[in-house]
Amino acid sequence: MYYSKILIPTLKESPADAEVISHKLMVRAGMIRQMAAGIYSTLPLGLRVLKKVEQIVREEMNRIGGQEVFLPSVQPAELWEESGRWEFYGKELLRLKDRHDREFCYGPTHEEIITDIVRRDVHSYRQLPITLYQIQTKFRDEVRPRFGIMRGREFTMKDAYSFHTTEESTRETYSQMAEAYSRIFERCGLDFKMVEADSGTIGGSFSHEFVVLADSGEDRIGFCDSCDYASNLEKAEARAAKPNSESTSEEDIKEVSTPGKKSVEEVTQFLNVSSDKLIKTIVFETDQGLVAGLVRGDREINPVKLKNLIDCEWLNPAPEELITKETGVPCGYLGPVGTQLKVFADTEITHMSNGITGANKADTHLTGVQFGRDLKVEKVGDLRDINEGDRCPKCDSGKYKIKRGIEVGHIFILGAKYSEAMKAHYLDDQGKEKPMIMGCYGIGVGRTAAAAIEQNYDEKGIIWPLPLAPFQAVILPVNFKVDAVRSAAETIYKTLWEQGVETLLDDRSDRLGVKFKDAELLGIPLQIIIGPKNLDEGKVELKSRKTGESKLISFPEEISTVPEILAEL
RNA sequence: CGGGACGUGGCGCAGUCUGGUAGCGUACUCGACUGGGGGUCGAGUGGUCGGAGGUUCAAAUCCUCUCGUCCCGACCA
């Protein structure tokens with residue numbers, strides 16, 4: 001590819017509305033252009049990168065027996081009504097009507113479609129298991145798209161679905177997927193972790209995320225510095241609390257006046273106690289009404305854990321007015337003792353003695369609260385957020401580390417949720433009809449490319465890992481008008497392509513400085529600089545984008561070694 | 001959906017408070033020189049100032065409405 005013939009509109013300055021590095025650099029490098037909030041056009045250079053990711057994904061999906069399909073992006077409403085998600089998905093689902101006023105949506109995901117395909121055409125246990133996947137444009141009308149292509153509304157995703165007769169078979173494919181995903185992100189040259197994850201609204205019992213470590217990431221993950229336990233923070237288990245060994249005498253429950261003291265901080269200061277003596281009461285609104293969650297004063301409650309402990313459909317922090325209206329207690333003085341709310345407690349609460357909590361009455365708290373004696377709770381479980389340095393729940397020597405990351409892949413075991421709702425049944429070897437067991441597995445293609453940038457850049461621009469680079473090498477003639485330089489450049493260009501090295505030849509009339517700046521911005525791993533002086537001595541210069549190191553090789557003899565040199569970069 | 005900010009050539013910005021012929025940098029075009037790190041000089045192209053309405057002799061500037069985009073929060077396979 002000659003630089004003058006390919007559209008790579010680079011910019012010296014980033015657009016004002018780009019915030020994260022990958023967004024800025026992708027725009028500056030002429031890979032993408034924004035069309036609307038969360039909607040982007042992909043230009044030639046950007047597309048070359050996406051195709052690289054897609055190809056790696058395809059190879060690994062095929063390797064574990066996945067079959068590629070291509071499903072419609074516009075989907076009929078009926079299927080979504082069948083699964084119940086037409087109602088449930090809400091505003092994030094982009095709904096459309098055709099000229100006959102029939103309802104459709106632009107697919108945010110494809111469980112309904114794939115389940116429909118399989119129920120029509122797969123009827124026997126002999127045809128199972130089967131894994132189908134596609135690489136498709138999806139649309140989710142996010143409340144707030146941001147971070148460029150990392151969290152757009154329209155995006156490219158690989159989604160795979162597997163169908164099975166048994167849970168064991170599903171787990172088998174699930175673990176093959178996990179391995180395939182690990183290979184994919186390894187091949188992309190990314191530093192990532194596979195972490196346990198909450199399965200969210202998609203349902204299902206078992207799920208892992210693949211998270212590329214980057215400070216700009218939206219996800220936070222906790223992992224053990226000693227064993228291999230790793231989890232999304234919203235699920236990261238707290239180590240089981242041990243009973244307090246120091247024997248304290250149980251005090252009687254007692255009201256104390258705490259006028260105007262609402263927050264944990266205010267109360268602890270006022271009563272001169274440490275915050276771990278407090279029992280914090282946080283109220284949530286759920287489909288089962290208002291509920292209260294209890295954690296120690298020095299902890300934060302984890303809503304995802306609470307939701308799972310309650311086993312409710314949805315859960316939101318309750319607005320103050322609602323709490324006051326329902327309980328008659330002003331905010332800040334709520335407590336679990338004698339409340340009519342359903343109460344769920346963190347395990348640590350059970351080991352507290354002489355706790356302090358709101359008295360369900362204005363300007364008053366209770367002291368000397370004993371779990372067994374004074375508190376009635378629906379259920380006890382792990383409800384608190386973990387902190388950096390907390391002991392690992394799985395091993396005895398490890399401590400939690402917390403890092404940020406970008407979720408690039410997510411795998412789920414769905415169970416029979418969709419197959420039951422949509423009657424995707426098969427006949428087993430006894431001739432009995434049963435619902436299929438399903439798994440589903442996604443990878444954000446554009447997000448993976450963006451994550452690669454978040455992890456590989458410097459002040460000059462992108463530094464592509466070789467497998468994702470739009471070109472592996474760029475030839476920079478010092479002056480393309482000089483015949484010797486020009487013909488050497490063209491010879492090298494031809495030779496490299498013949499050797500399978502995707503090479504860009506910067507044939508523009510600009511000065512070398514300009515070409516360097518662009519080559520660096522685009523992040524092409526290897527620069528081949530051809531100058532008249534070196535050429536006179538039968539040499540050309542190779543320069544690594546990543547290290548900035550350069551060396552001379554003899555021309556034309558050593559040009560054939562470029563593929564090896566690339567492999568070592 | 002709550003809070004905040006911003007819309008002026010492709011990109012980055014000034015001008016708005018205090019109304020009076022739309023500007024700067026960069027990019028782009030042409031010419032000359034230059035040719036190992038965004039080079040120099042000269043000559044050019046390109047903007048209904050997001051849109052609609054209003055006030056005024058006169059609106060990028062003041063008023064009203066509207067659309068768009070971004071940030072923080074809530075939300076999120």
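Numbers restart at 1 for each chain; the letters A, B, ... are given by sequence-line order, proteins then strands. Bear in mind the structure is a predicted one, so any value in this text is a computation, not a measurement. For the numbers below, each heavy atom of this structure counts, side chains included, while hydrogens, waters and symmetry mates do not.
- Between the NE2 atom of A/H23 and the P atom of B/rC11 there is a distance of 13 Å, rounded to whole Å.
- If you check B/rU55 for Watson-Crick or wobble pairing at under 3.5 angstrom, you find it has no partner at all.
- Residues A/E541 and A/K91 both approach RNA chain B. Their nearest nucleotides, taken by heavy-atom distance, put A/K91 toward the 5′ side.
- In this structure, A/E520 reaches the bases: a heavy-atom distance under 4.0 Å links it to at least one base atom across the strands shown.
- Counting only heavy atoms from C-beta on, A/F516 has its side chain closest to B/rG37 among B/rU34, B/rG38, B/rG37.
- A/K24 forms no cation-pi arrangement with A/Y457, by the criterion of a distance under 6.0 Å to the ring centre and an angle within 45° of the ring axis.
- As rounded to whole Å, 12 Å separates atom C1' of B/rC76 from atom CZ of A/F88.
- The separation between A/E234 atom CD and B/rA77 atom P is 8 Å, rounded to whole Å.
- Nucleic acid contact class of A/D510 (heavy atoms, under 4.0 Å, all strands): base.
- Base pairing of B/rA60: no nucleotide in any strand meets the Watson-Crick or G-U wobble criterion (both distances under 3.5 Å).
- Within the cation-pi definition used here (under 6.0 Å to the ring centroid, within 45° of the axis), A/R447 does not qualify as a partner of A/F155.
- Under the Watson-Crick or G-U wobble criterion, with both distances below 3.5 Å, B/rC6 is paired with B/rG68.
- The separation between A/K481 atom NZ and B/rG36 atom P is 13 Å, rounded to whole Å.
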Open item on the list: Test ring pair (Phe, Tyr, Trp, His ring centres under 6.0 Å) on A/Y2 and A/Y493; report intermediate values, then the result.
Closed with: CA-CA 9 Å; A/Y2 277 40; A/Y493 176 77; 5.2 Å; yes

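- For the OP1/OP2 pair of B/rA27 and a distance below 4.0 Å, the side-chain nitrogens and oxygens of A/K12 include at least one atom meeting the criterion.
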TODO: List the steps and the verdict of side chain to side chain donor-acceptor pair (under 3.5 Å) for A/E454 and A/S22.
DONE: CA-CA 6 Å; A/E454 293 290 332; A/S22 59; 2.7 Å; yes

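- Between A/E490 and A/R486, at least one side-chain N (NZ, or NE/NH1/NH2) sits under 4.0 Å from a carboxylate O, which counts as a salt bridge.
- Across all strands shown, A/L476 has no heavy atoms under 4.0 Å from either base or sugar-phosphate atoms.
- Between A/E13 atom CD and B/rG9 atom C1' the separation is 15 Å, expressed in whole Å.
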Open item on the list: Output one letter per nucleotide in nucleotides 69-75 of chain B: B when a protein non-hydrogen atom lies under 4.0 Å from the base, S when only the sugar-phosphate is that close, - when neither is.
Closed with: SSBBBBB

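- Place A/M157 and A/L521 on RNA chain B by their nearest nucleotides, and A/L521 ends up nearer the 5' end.
- The partner of B/rG36 cannot be assigned: no Watson-Crick or G-U wobble pair with both contacts below 3.5 Å exists in any strand.
- For the pairing with A/K307, the side chain to side chain contact (heavy atoms under 4.5 Å, CB included) check across A/T286, A/L315, A/D198, A/N302 returns one residue only, A/L315.
- Nucleic acid contact for A/S509: base, since at least one base atom lies under 4.0 Å from a heavy atom of the residue.
- Taking a cutoff of 4.0 Å between a charged side-chain nitrogen and a carboxylate oxygen, A/R119 and A/E82 qualify as a salt bridge.
- Atom NZ of A/K307 is separated from atom P of B/rC76 by 9 Å (rounded to the nearest Å).
- Applying the Watson-Crick and G-U wobble criteria (two distances, each under 3.5 Å), B/rC41 pairs with B/rG31.
- Distance CZ (A/R511) to P (B/rG35): 7 Å, rounded to an integer number of Å.
- Using a 4.0 Å cut-off between charged side-chain N and carboxylate O, A/D215 and A/R404 make no salt bridge.
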